[in-house]
Student: 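Below is one structure. I have some questions about it.
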Amino acid sequence: MILIAHNINKSYYNGEKELRVLKNINLELQKGEIITIMGQSGAGKTTLLNILGTLDSPDNGSVSICGQEISGQTEDELSELRNKHLGFVFQFHHLLPEFTAMENVLMPALISGNENDAKERAVELFDYVGMNERKTHYPAQLSGGERLRVAVLRALILNPDVVLADEPTGNLDVDNADRLLTLFRKINNDYNQAFVITTHNPSVAEIGNRRFILENETLNPVDSI
Ligand SMILES: Nc1ncnc2c1ncn2[C@@H]1O[C@H](COP(=O)(O)OP(=O)(O)OP(=O)(O)O)[C@@H](O)[C@H]1O
Ligand SMILES: [Mg+2]
């Protein structure tokens with residue numbers, strides 16, 4: 001099991017006022033599996049994904065990643081764990097504008113000191129997504145779909161156990177969204193890469209081997225709805 005979330009609860013507070021977002025959420029992700037989480041805007045998808053990705057902590061409940069319980073770990077330990085096991089595609093791609101596509105993809109490797117091995121992999125990855133000719137482009141010189149593919153390569157560069165993708169097709173037109181989904185399927189097939197993908201779009205959710213809906217603070221399998 002790559003990821004186990006058990007009884008996750010999360011509320012935000014605005015002064016005294018409690019906004020409950022997640023209630024007793026359970027989720028298990030196996031190797032090579034694609035899980036999709038559907039939910040309307042404000043349902044708590046980003047909150048949940050951030051908790052699964054150790055970027056935020058739950059009020060209670062536990063998250064373990066590749067057998068490691070995350071509660072009680074220091075920030076340094078968590079960042080090492082993220083580097084080793086997790087890749088992120090954020091809701092807004094967050095490419096660094098002053099770095100080229102290649103430099104953006106290599107950034108996680110640079111930060112964790114794995115730069116040399118990563119260069120070869122980065123070249124392969126650009127080739128893999130048909131972007132050989134775009135490596136030295138800056139984000140502003142890429143199309144929206146290309147930017148997102150660069151963000152996906154950045155998530156893959158350190159060979160993560162799971163890629164957490166938050167609303168990855170949110171800002172793409174239908175064609176680019178289709179291309180991205182095709183790419184996710186291909187990566188899943190070729191590398192047995194596991195994904196957790198959030199979306200508000202039912203056709204994106206179909207990519208999941210298992211599909212869930214986040215609604216009224218709870219996570220339910222789509223088939224039971
Ligand atoms: N830091 C915060 N402080 C207070 N409330 C927050 C905070 N972050 C999110 N919220 C609230 O929690 C709820 C869930 O937010 P979240 O971003 O997880 O939703 P989402 O499903 O990702 O929405 P979207 O599809 O629009 O991205 C929202 O009502 C939001 O206003
Ligand atoms: Mg969100």
Side-chain angles (χ1 to χ4, degrees), residues 3-29 34-65 70-71 75 78-79 82 86-96 139 144-145 147-152 154-156 160 162-174 176-178 180-181 183-184 194-208 210-225:
L3 196 153
I4 302 174
H6 184 61
N7 255 331
I8 300 295
N9 286 276
K10 180 78 178 178
S11 295
Y12 292 113
Y13 291 90
N14 197 335
E16 293 286 282
K17 204 162 166 244
E18 180 182 7
L19 173 69
R20 185 111 194 229
V21 181
L22 303 174
K23 190 159 84 187
N24 300 332
I25 304 281
N26 292 293
L27 189 70
E28 294 188 343
L29 175 80
I34 302 180
I35 283 180
T36 52
I37 298 172
M38 235 191 323
Q40 298 198 329
S41 181
K45 302 181 297 296
T46 299
T47 302
L48 177 57
L49 217 60
N50 284 347
I51 290 173
L52 298 179
T54 81
L55 296 169
D56 194 2
S57 38
D59 297 333
N60 49 57
S62 67
V63 175
S64 85
I65 291 164
I70 67 165
S71 72
E75 246 336 291
L78 286 180
S79 116
R82 285 194 288 269
L86 305 177
F88 294 91
V89 180
F90 294 102
Q91 186 162 10
F92 304 99
H93 58 74
H94 294 320
L95 295 180
L96 300 169
R147 268 178 227 152
L148 207 42
R149 269 179 276 155
V150 171
V152 172
R154 180 181 56 186
L156 292 172
V162 55
V163 171
L164 303 172
D166 192 12
E167 198 91 50
T169 61
N171 298 311
L172 296 180
D173 59 40
V174 175
N176 269 311
D178 275 352
L180 190 72
L181 291 181
L183 177 64
F184 281 172
F195 287 90
V196 178
I197 301 168
T198 68
T199 181
H200 61 265
N201 183 341
S203 63
V204 173
E206 276 175 26
I207 191 183
R210 285 192 297 140
R211 293 168 223 163
F212 294 87
I213 185 155
L214 183 58
E215 204 173 37
N216 304 323
E217 298 127 52
T218 60
L219 190 66
N220 295 299
V222 166
D223 295 341
S224 76
I225 289 163

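Positions are given from 1, in the same order as the sequence printed here. In listed order, ligands and their atoms are each counted from 1. What you see below is based on every heavy atom in this structure, not just the backbone, and it leaves out hydrogens, waters and symmetry mates.
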Student: Kindly compute the distance separating CD (Glu28) from CD1 (Ile4), expressed to the nearest 0.5 Å.
Tutor: 5.0 Å
Student: Sequence neighbours left out, what passes ring pair (Phe, Tyr, Trp, His ring centres under 6.0 Å) with His6? Give chain and number order.
Tutor: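 Applying ring pair (Phe, Tyr, Trp, His ring centres under 6.0 Å) to His6 gives none.
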Student: Hey, what do you get for NE2 (His200) to OG1 (Thr169), rounding to the nearest 0.5 Å?
Tutor: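 Here the rounded value is 6.5 Å.
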Student: Hey, which protein N/O/S atoms does the Mg ion (ligand 2) have under 2.8 Å?
Tutor: Thr46 OG1, Gln91 OE1
Student: Indicate the atoms forming the closest heavy-atom contact of Glu75 with Arg82, along with that distance.
Tutor: OE1-NH2, 3.4 Å
Student: Could you verify whether a donor N or O on one side chain and an acceptor N or O on the other, from Ser11 and Glu18, lie under 3.5 Å apart?
Tutor: yes
Student: Under the rule for ring pair (Phe, Tyr, Trp, His ring centres under 6.0 Å), what residues qualify as partners of Phe90, not counting sequence neighbours?
Tutor: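 With neighbours one apart ignored, the set is Phe88, His94.
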Student: Is a side-chain donor or acceptor of Asp173 paired with a backbone partner of Asn176 at a separation under 3.5 angstrom?
Tutor: yes
Student: For Phe184 and Pro168, which heavy atoms make the closest approach, and how far apart are they?
Tutor: CE1-CG, 3.9 Å
Student: Looking just at side-chain N and O atoms, do Asp59 and Asn9 make a donor-acceptor pair shorter than 3.5 Å?
Tutor: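 No pair is found: no donor N or O on one side chain lies under 3.5 Å from an acceptor on the other.
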Student: Using a strict cut-off of under 4.0 Å between a residue heavy atom and any atom of ligand 1, list the qualifying protein residues by chain and number.
Tutor: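 Shell around ligand 1 (4.0 Å, heavy atoms): Tyr12, Leu19, Val21, Gln40, Ser41, Gly42, Ala43, Gly44, Lys45, Thr46, Thr47, Gln91, Glu167.
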